[in-house]
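Sequential numbering from 1 along the given sequence is applied to the chain's residues.
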Amino acid sequence: RHLVHRSIQPIRWGDMDALGHVNNTVYFRFMEQARIEWLYALEGRFGGGDGTGPVIVNASATFLVPLVYPGDVEVRMLLGEAGRTSLESRYELDCAGVRAAEGAAKMVWIDYATARPVPLPGRLLALLREPAAT
């Protein structure tokens, strides 16, 4: 796994549900926000500017500790296995030094005009060859 991005996100009062903790769907939004921040940092925009970019074909989460307001969530995004057209991303969500959840999302790079997979951009493959950050 290759750490590529850290994101600090506030827990909002409205993120909680009737059970008094952050609703499970919000964890996916925390992961999505980190992923979009990383893509924007990588590209300066969403996608490659050439009509290609990622779509999510699979997402999962393991909920370990309930999150509650107030607080901040640190989301660490790591890249995993890369295929010809796909890339695994992993997420670690911590609050106050405690692991609250872990997640994953498989991204497939597509041509937006045809909705067909295309090879991963060279810049992503180059990132995976760099030494992993700690």
Q | Over all atoms of both residues, closest heavy-atom pair of L87 and A82 | A | CD1-CB, 3.8 Å
Q: Run the numbers on F30 and L67 for side chain to side chain contact (heavy atoms under 4.5 Å, CB included), then give the verdict.
A: CA-CA 12 Å; F30 289 140; L67 292 170; 4.0 Å; yes
Q) Counting heavy atoms not belonging to Q33, are there more than 12 under 6.0 Å from its CD? A) yes
Q) Could you give the distance from CZ (R76) to CG (L3), rounded to the nearest 0.5 Å? A) 7.5 Å
Q) Got L79 and W38 here, is their nearest side-chain heavy-atom distance under 4.5 Å? A) yes
Q) CG of L120 to OG1 of T85: how many Å apart, nearest 0.5 Å? A) 6.5 Å
Q: Find the distance between NE2 (H5) and CD1 (I36) and round it off to the nearest 0.5 Å.
A: 10.5 Å
Q | side chain to side chain contact (heavy atoms under 4.5 Å, CB included) evaluation trace for Y112 with D50 | A | CA-CA 9 Å; Y112 290 131; D50 60 354; over 6 Å; no
Q: Report the residues that fulfil salt bridge (Lys or Arg N to Asp or Glu O under 4.0 Å) with D15, sequence neighbours left out, ordered by chain and then residue number.
A: R12
Q | Y69 side, atom OH; I11 side, atom CD1 - distance, nearest 0.5 Å | A | 10.0 Å
Q.
Show me the pairs that pass salt bridge (charged side-chain N to carboxylate O under 4.0 Å, His left out) and involve residues 95-106, at least two apart or across chains.
A. E92-R99, D94-R99, R99-E102
(Q) Can you confirm whether L39 sits close enough to P54 that some side-chain heavy atom of one is under 4.5 Å from a side-chain heavy atom of the other? (A) yes
**Q.** Cluster link I8 to V75, ILVMFWY, side chain under 4.5 Å
**A.** no
Q) Under a 4.0 Å N-O cut-off, is there an ion pair linking E37 with R35? A) no
**Q.** Check against side chain to side chain contact (heavy atoms under 4.5 Å, CB included), L93 and M31
**A.** CA-CA 8 Å; L93 289 76; M31 291 183 272; 3.9 Å; yes
Q: Under the side chain to side chain contact (heavy atoms under 4.5 Å, CB included) rule, what do E74 and R6 come out as? Steps first, then yes or no, please.
A: CA-CA 7 Å; E74 178 185 9; R6 290 176 192 263; 3.0 Å; yes
(Q) Suppose clustering is done on Ile, Leu, Val, Met, Phe, Trp and Tyr with side-chain heavy atoms closer than 4.5 Å. Which residues sit in the same group as L64? (A) V65, V98
(Q) Quick one: does any side-chain atom of Y27 pair with a main-chain N or O of G103 as donor and acceptor, under 3.5 Å? (A) no
Q | Side chain to side chain, W109 and P121, heavy atoms closer than 4.5 Å | A | yes
Q. Which heavy atom in G20 sits nearest to a heavy atom in V68, and how many Å separate them?
A. O-CG1, 3.4 Å
Q) Could you state the interatomic distance from CZ (R90) to CD (E88), rounded to the nearest 0.5 Å? A) 5.5 Å
Q | Heavy-atom pair of closest approach, residues A34 and M77 | A | O-SD, 4.2 Å
Q) Can you tell me if S89 and Y91 form a side-chain donor-acceptor pair at under 3.5 Å? A) yes
